[in-house]
Amino acid sequence: MRMSTFFSRTLREAPNGADCKGYEYLLRAGFIRQMGAGIFSLLPLGFRSAKKIEAVIRQEMDGIGGQEILMPLVNPADIWKETGRYYSIDKEMSRFQDRVGRDMVLAMTHEEAVTDVARGEIDSYKRLPQLVYQIQTKWRDDPRPRAGLIRVREFTMKDSYSFDRDLEGLEKQYKAHYAAYFRIFSRCGLPVIAVGSDSGMMGGKVAHEYMYLSPIGEDTIITCPECGYTANRQVATFRKTYASADQLPIEKVATPEAKTIDELCDFLKISPTQTAKALFMVGTFVNSETGEEHEQLIVGLVRGDMDIEENKLQNAAKANGLRPAHVDEIRAAGMEPGFGSPIGAKEGVIVIVDDSVAKSNNLVAGANEDGYHLRNTNYGRDYQGIVADIASAAEGYLCPVCGKPLVSSKGVEVGNIFQLGTRYSESMGCFYQDEDGVRKPVIMGSYGIGVGRLLACLAEEYNDGNGLKLPITVAPYQVHLVSLVKDADVGERIYGELQAAGIEVLYDDRKESAGVKFADADLMGMPIRMTIGNRSLKEGKVEIKLRGNLDETLSLDLDGLAQEVKDLIAKLQGQIAAGIVNKELA
RNA sequence: CGGGGCGUUGCCUAGUGGCUAUGGCGCCUGCUUUGGGAGCAGGAUAUCGCAGGUUCGAGUCCUGUCGCCCCGACCA
């Protein structure tokens with residue numbers, strides 16, 4: 001490609017709103033342009049990178065037996081009503097009616113669609129297992145897109161779906177994905193870790209997320225440097241210690257103005273571990289048969305030295321959604337904000353008690369009366385509720401596996417794998433007849449990778465003060481040919497030679513100053529920059545700089561140039577290949 | 001959905017009620033220049049997001065509205 005006729009241009013300054021480096025450079029280098037909140041175009045450079053990422057994904061998916069398909073972005077609402085997600089998912093899914101008034105949705109994922117397709121094809125155990133995948137556009141009306149391509153509303157996703165006879169088969173496909181994903185990310189050059197995760201709206205059991213660790217991430221990852229335990233904070237567990245003692249009689253104590261745990265502890269001269277903290281949320285519960293929803297007040301109780309992980313609370317309460325409760329809602333249920341506890345709460349309030357509270361004794365808790373707390377409250381004796389782990393893991397807490405201190409980091413989720421089970425096959429009637437003649441629901445798995453988000457993470461990982469420096473496997477072009485000589489013939493000849501050798505070349509044939517050309521080359525960041533200049537031309541050579549190391553200059557003879565460059569490309573590709581992560585799920 | 005910020009030419013930006021709305025980059029023309037965003041000369045591009053209001057006079061003040069960004073809520 002010639003720069004003189006190139007569609008996109010580079011920007012000298014970062015447009016407003018480019019808050020992180022990767023995003024800024026993707027904009028400035030002309031990879032992407034924004035059209036609306038969370039809506040982007042991929043320009044030639046960005047699209048080429050995306051296609052390379054997709055090619056890697058296709059190879060690895062084909063490698064584990066995947067068959068590529070393409071399902072529609074527009075789905076009839078009927079199939080989403082079958083699984084109930086038409087009702088349980090809120091405004092994040094966009095809906096409309098077609099000309100005859102039929103309900104339609106823009107697919108935000110394709111479990112329904114693929115199950116609909118599969119139930120038409122699969123009827124016997126002889127037709128299992130299966131694995132299909134697609135690379136498709138998704139629309140999710142996220143309330144808050146941010147950070148360029150990291151979190152958008154319209155995006156391209158590779159999603160694959162496995163169909164099996166039994167759990168062993170699912171396990172096998174799940175493991176295949178687990179390993180394939182590590183290969184995909186490492187072939188693109190992105191360092192990731194796999195963490196145990198919540199299954200969220202997918203509604204499955206086992207799930208992993210692939211996380212690119214970075215301060216720009218919005219997920220919190222809990223890891224143990226000692227034994228390798230990793231989990232999303234939403235589900236991370238930790239080792240708790242309990243102070244059990246003989247139960248003492250409950251005792252009301254005046255604690256004026258002591259609304260927070262800190263104030264309470266100061267006032268009573270006690271430690272937060274001797275208190276129970278209440279969090280009031282309102283949960284939404286949806287009947288998946290009828291779509292009817294109702295709200296119910298939930299009070300979560302955790303020991304004062306910990307925080308409640310809302311995701312765990314939501315799961316423990318089996319709610320579809322949570323929101324903070326209003327003050328009047330809390331009072332209506334017989335409790336007092338700031339001095340709250342489940343003691344004396346009215347019927348119909350869901351009480352979830354963290355085991356840290358359930359297994360400790362004689363905790364100070366709210367008296368549900370302004371200005372008063374209760375000493376020596378005890379779960380079981382003074383109040384009832386569901387006991388669950390709803391405490392949020394934090395830095396320094398003890399690893400649930402080995403007991404060493406945990407570390408907290410930020411991460412971006414670039415992929416995930418879910419064991420769905422029969423949630424979709426059962427509700428949509430995707431059954432097969434087994435050898436024993438019995439009709440059984442197909443066992444499914446669902447696996448996703450965000451292509452654009454992966455590109456955004458790569459841009460974040462691979463940049464310096466001058467611009468992008470994407471790995472050769474995902475860079476738009478392999479070679480950036482910069483001609484600084486007046487005579488166009490040499491450049492044209494080399495450009496032709498490299499192209500004839502199958503090398504992907506971006507050729508800067510513009511009438512621009514050397515500085516402009518170099519700055520643009522740095523910004524766009526092709527892995528190999530070849531400079532044609534009078535200096536070296538006299539000696540029959542061209543100069544080479546690798547984007548990964550601008551300090552070092554190599555030179556190559558004009559004779560046999562194409563082969564030399566091919567060798568160099570192979571060397572860079574070899575470095576990536578040497579870093580391919582082969583990791584099996586334990 | 002709550003809190004905050006910002007909308008001036010392709011991009012960045014000045015503007016604190018007063019004349020014909022700054023400047024830089026980019027763009028066009030010509031000349032010069034050609035190893036790190038070059039120089040000179042000339043030129044084009046703005047219904048100051050939109051609508052209404054206050055005023056003799058509004059980019060500037062008020063109201064509404066739309067869009068974008070950030071924090072939170074929310075979310076594979």
Side-chain angles (χ1 to χ4, degrees), chain A residues 8-20 23-24 27-28 30 33-40 85 88-93 107-111 138-148 150-153 155 157-159 197-204 207-211 216 218-219 232 234 281-282 284 310-311 314 320-326 412-418 420 446-450 453 466-467 482-488 508 510-523 529 531-538 542-543 545 550 553:
Chain A
S8 64
R9 60 171 165 189
T10 55
L11 304 175
R12 236 180 242 215
E13 286 171 286
N16 263 332
D19 49 339
C20 55
Y23 179 28
E24 179 190 329
L27 280 172
R28 285 186 49 204
R33 291 289 182 254
Q34 182 170 14
M35 189 172 282
I39 304 176
F40 286 84
R85 289 209 289 185
S88 64
I89 295 172
D90 198 24
K91 289 186 183 144
E92 199 176 349
M93 181 160 69
M108 44 189 290
T109 173
H110 280 82
E111 280 76 18
K138 306 276 186 265
W139 169 262
R140 293 185 190 173
D141 197 357
D142 195 295
R144 187 148 116 68
R146 56 175 288 272
I150 295 285
R151 192 163 148 176
V152 291
R153 296 195 292 171
F155 57 99
M157 177 168 160
K158 185 290 298 179
D159 44 329
S197 77
D198 183 55
S199 48
M201 72 169 184
M202 294 300 182
H208 283 85
E209 289 168 341
Y210 288 74
M211 290 286 180
I216 66 163
E218 42 190 356
D219 281 301
N232 193 308
Q234 293 183 327
M281 304 293 287
V282 171
T284 311
E310 287 181 20
N311 186 68
Q314 179 176 335
N320 284 80
L322 287 187
R323 63 166 172 85
H326 302 303
V412 179
E413 181 189 349
V414 287
N416 59 32
I417 54 180
F418 288 106
L420 294 176
S446 151
Y447 318 85
I449 292 178
R453 185 180 277 189
N466 300 310
V482 177
S483 175
L484 299 180
V485 294
K486 258 192 180 150
D487 178 9
D508 196 342
R510 295 175 300 173
K511 292 179 174 35
E512 287 288 350
S513 71
V516 170
K517 292 183 177 184
F518 286 143
D520 279 344
D522 290 347
L523 185 58
R529 186 214 295 172
T531 307
I532 306 169
N534 287 323
R535 258 189 224 163
S536 47
L537 208 53
K538 280 183 249 166
V542 293
E543 287 167 37
K545 266 186 198 287
L550 292 178
T553 306

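If you're wondering where the values come from, they're calculated on a predicted model, not measured in any experiment.
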Checklist entry - With a 4.5 Å heavy-atom cut-off, do A:T531 and A:K545 have their side chains touching? => result no

Next on the checklist: Taking the side chain as everything from C-beta on, heavy atoms only, tell me whether A:L550 gets closer than 4.5 Å to A:N466.
Outcome noted: yes

Closest listed nucleotide, where the reference is the side chain of [X] and the choices are [options]:
| X | options | answer |
| --- | --- | --- |
| A:A37 | B:C74, B:G37, B:C69 | B:C69 |
| A:P143 | B:A73, B:C75, B:G36 | B:A73 |
| A:R529 | B:A38, B:G36, B:C69 | B:G36 |

Is [N] paired to anything, Watson-Crick or G-U wobble with both distances less than 3.5 Å, and if yes, which nucleotide?
| N | answer |
| --- | --- |
| B:C68 | B:G5 |
| B:G30 | B:C40 |
| B:G35 | none |
| B:C11 | B:G24 |
| B:C74 | none |
| B:G59 | none |
| B:C48 | none |

Identify whether any heavy atom of [X] sits under 4.0 Å from a base atom; if not, whether one sits that close to sugar-phosphate; answer base, sugar-phosphate or nothing.
| X | result |
| --- | --- |
| A:E310 | sugar-phosphate |
| A:A147 | sugar-phosphate |
| A:Y447 | nothing |
| A:P15 | sugar-phosphate |
| A:D90 | nothing |
| A:A519 | base |
| A:R151 | base |
| A:E543 | base |
| A:G533 | base |
| A:L484 | base |

Let me know the distance between [atom1] of [X] and [atom2] of [N], rounded to the nearest Å.
| X | N | atom1 | atom2 | answer |
| --- | --- | --- | --- | --- |
| A:K538 | B:G35 | NZ | P | 11 Å |
| A:R33 | B:C68 | CZ | C1' | 16 Å |
| A:I150 | B:C70 | CD1 | P | 12 Å |
| A:E24 | B:C12 | CD | C1' | 12 Å |
| A:Q34 | B:G7 | CD | C1' | 14 Å |
| A:K511 | B:U29 | NZ | C1' | 16 Å |
| A:K486 | B:G35 | NZ | C1' | 14 Å |
| A:D508 | B:G36 | CG | P | 15 Å |

Checklist entry - Does the side chain to side chain contact (heavy atoms under 4.5 Å, CB included) test come out yes or no for A:E111 and A:R85, once each step is laid out? => result CA-CA 10 Å; A:E111 280 76 18; A:R85 289 209 289 185; 3.0 Å; yes

Item to check | Identified side-chain hydrogen bond (donor to acceptor under 3.5 Å, both in side chains) partner of A:Y23 from the options A:R146, A:Q34, A:R28 | outcome: A:Q34

Mind checking the [atom1] distance from [N] to [M]? Whole angstroms is fine.
| N | M | atom1 | answer |
| --- | --- | --- | --- |
| B:C68 | B:C31 | P | 46 Å |
| B:G36 | B:U60 | C1' | 42 Å |
| B:C12 | B:C48 | C1' | 16 Å |
| B:U33 | B:A41 | C1' | 15 Å |
| B:G15 | B:G30 | P | 37 Å |
| B:U55 | B:C69 | C1' | 33 Å |
| B:G7 | B:C50 | P | 13 Å |
| B:G59 | B:U16 | P | 12 Å |

Item to check | Atom pair OH (A:Y447) and NE2 (A:H208), whose distance is rounded to the nearest 0.5 Å | outcome: 12.5 Å

Any donor-acceptor N/O pair under 3.5 Å between [N] base and [X] side chain:
| X | N | value |
| --- | --- | --- |
| A:E512 | B:G37 | no |
| A:N534 | B:G35 | no |
| A:R28 | B:G10 | no |
| A:E13 | B:G26 | no |

Are [X] and [N] close enough that a side-chain N or O sits under 4.0 Å from OP1 or OP2?
| X | N | value |
| --- | --- | --- |
| A:Q234 | B:C75 | no |
| A:R144 | B:C71 | yes |
| A:R12 | B:C11 | no |

Item to check | For the student: nearest non-hydrogen atoms of A:L523 and A:L11, plus distance | outcome: CD2-O, 4.1 Å

Next on the checklist: Minimum heavy-atom separation for A:P145 and A:A37, please, with both atom names.
Outcome noted: CG-C, 3.9 Å

Next on the checklist: So if I apply the side-chain contact (heavy atoms from CB on, under 4.5 Å) rule between A:I532 and each of A:V482, A:D487, A:V542, A:L484, which one comes out positive?
Outcome noted: A:V542

Checklist entry - More 5' along RNA chain B: A:G36 or A:F518, using each one's nearest nucleotide? => result A:F518

Next on the checklist: With nearest nucleotide decided by heavy atoms, which residue, A:D219 or A:R146, maps closer to the 5′ end of RNA chain B?
Outcome noted: A:R146

Checklist entry - Run the side chain to side chain contact (heavy atoms under 4.5 Å, CB included) check on A:D142 and A:F155 step by step: do they pass? => result CA-CA 11 Å; A:D142 195 295; A:F155 57 99; over 6 Å; no

